[in-house]
Amino acid sequence: MRTLPAGRDGLLVELGGTDEVEAFYAEVLRRTAAGEFPAARDVVPAARTVLLTGLTDPARTARELASWQVPPAAPRTGTLVRIAVRYDGPDLAEVARLWDMTPREVVATHTGTGFRVAFCGFAPGFGYLTGLGDHLRVPRREVPRTAVPAGSVALAGPYTGVYPRSSPGGWQLIGTTDAVLWDPARAPAALLAPGTRVRFTDADADAGDGADAPGDDGSGAERAAEDATDVPPSGERGAR
């Protein structure tokens, strides 16, 4: 862990990767809630850093952080966001080739994985979701698209993401969703936040069941209370 000053009242905490960021972020929230750590105005995780702002004494806080022993983040439980996806993306076949699977196996793998929002960025409402195994990383496209439609479900590196609005992008597109990722008239405006657990479902399969998903909040996504049991291990696939 390394701390760097960020403005007059902030610290940028550099960590080793997303797992360390998740653990540190969770520990900051836990200690703040318990009154063991000075409340920050903002706690913003990223891929390898956590930004703390609004600190009354950043230098003292940096010295305190140096003595922390941060335990691994506990398995997430509680609220789960389910997002229905039509797996009709133009790069689905390419992802299947990279994963050495059929397109149907790609869908089964993606819907069978429990994701977590590691951090947000790029555009309001865009979450970087982790959960796929390292062997399922995919490269960005060599030539980015000048316009990716809103609602596109995409993969790049270790992450899955959903484009909240039309924008240029170089991620591999595997599907589309009607879920509204960002709505300023909604509270909270962002459907996804750091730490949120996400499961993708196959919209075509759901339509075949002829049943509406309970608990739809009007965003195109379903929020549900999750049992205490963990989601299945990520990145696993069945025999071909």
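Throughout, residue positions are numbered sequentially from 1 according to the sequence presented. Since this is a predicted model, take the numbers as computed values, not measurements. The basis for the numbers below is simple: all heavy atoms, side chains too, and nothing from hydrogens, waters or symmetry mates.
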| request: Run through Leu136, Val106, Leu129, Ile174 and flag the one making a side-chain contact (heavy atoms from CB on, under 4.5 Å) with Leu155. | output: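 Checked Leu136, Val106, Leu129, Ile174 against Leu155; only one passes side-chain contact (heavy atoms from CB on, under 4.5 Å): Ile174.
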Restricting to pairs with a member in [range], which pass side chain to side chain donor-acceptor pair (under 3.5 Å), not counting sequence neighbours?
{"range": "residues 144-155", "result": "Asp91-Arg145"}
{"range": "residues 26-53", "result": "Asp9-Arg41, Glu27-Arg30, Glu27-Arg31, Asp42-Thr53"}
{"range": "residues 61-71", "result": "none"}

Does any part of the side chain of [Y], heavy atoms only, come nearer than 4.5 Å to the side chain of [X], both counted from C-beta?
{"X": "Leu98", "Y": "Glu94", "result": "yes"}
{"X": "Leu80", "Y": "Val198", "result": "no"}
{"X": "Thr176", "Y": "Asp88", "result": "yes"}
{"X": "Arg86", "Y": "Thr177", "result": "no"}
{"X": "Cys120", "Y": "Pro194", "result": "yes"}
{"X": "Leu11", "Y": "Leu55", "result": "yes"}

Same cluster (ILVMFWY, side-chain, under 4.5 Å), [X] and [Y]:
{"X": "Val70", "Y": "Leu52", "answer": "yes"}
{"X": "Tyr128", "Y": "Val117", "answer": "no"}
{"X": "Val28", "Y": "Phe119", "answer": "no"}
{"X": "Phe200", "Y": "Met101", "answer": "yes"}
{"X": "Leu181", "Y": "Phe122", "answer": "no"}

Can you name the closest pair of heavy atoms from [X] and [Y] and give their distance?
{"X": "Leu92", "Y": "Tyr87", "answer": "CD2-O, 3.7 Å"}
{"X": "Pro164", "Y": "Pro124", "answer": "CG-O, 3.3 Å"}
{"X": "Val180", "Y": "Leu191", "answer": "O-CB, 3.7 Å"}
{"X": "Glu14", "Y": "Leu4", "answer": "OE2-CD1, 3.4 Å"}
{"X": "Tyr163", "Y": "Ala154", "answer": "CE1-CB, 3.8 Å"}
{"X": "Val138", "Y": "Trp99", "answer": "CG1-NE1, 3.4 Å"}

| said: To the closest 0.5 Å, what do you measure between CG (Asp202) and NE2 (His110)? | reply: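 Spacing of CG (Asp202) from NE2 (His110) equals 11.5 Å.
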| Asp178 CG to Ile83 CD1 distance, which is reported to the nearest 0.5 Å | 11.5 Å
| query | What pairs of residues pass the salt bridge (Lys or Arg N to Asp or Glu O under 4.0 Å) test when at least one of them lies in residues 122-139, not counting sequence neighbours? | reply | Asp134-Arg137
| Donor-acceptor contact below 3.5 Å, side chain Arg199 vs main chain Thr113 | yes
| task | Report yes or no: does Glu105 contribute a side-chain atom to a donor-acceptor pair with the main-chain N or O of Thr102 at less than 3.5 Å? | result |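 Answer holds: yes.
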| Any chance the rings of Phe126 and Tyr159 have centres within less than 6.0 Å? |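 That pair fails the under 6.0 Å test.
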| field | Pairing residues for Arg60 by the side chain to side chain donor-acceptor pair (under 3.5 Å) criterion, not counting sequence neighbours | value | none
| side chain to side chain contact (heavy atoms under 4.5 Å, CB included) between Leu51 and Val43: does it pass, once the steps are laid out? | CA-CA 6 Å; Leu51 176 66; Val43 183; over 6 Å; no
What pairs of donor and acceptor atoms, side-chain ones from residues 166-173 against any protein atom, are under 3.5 angstrom apart with sequence neighbours left out?
residue	atom	partner	partner atom	Å
Ser166	OG	Val148	O	3.4
Gln172	NE2	Pro139	O	2.9

| field | CA sep, side-chain torsions, deciding dist, call: Thr130, Arg116, side-chain hydrogen bond (donor to acceptor under 3.5 Å, both in side chains) | value | CA-CA 5 Å; Thr130 57; Arg116 178 189 54 79; 3.1 Å; yes
| Between Val13 and Leu65, does a side chain to side chain contact (heavy atoms under 4.5 Å, CB included) hold up when you go through it step by step? | CA-CA 9 Å; Val13 183; Leu65 292 176; 3.9 Å; yes
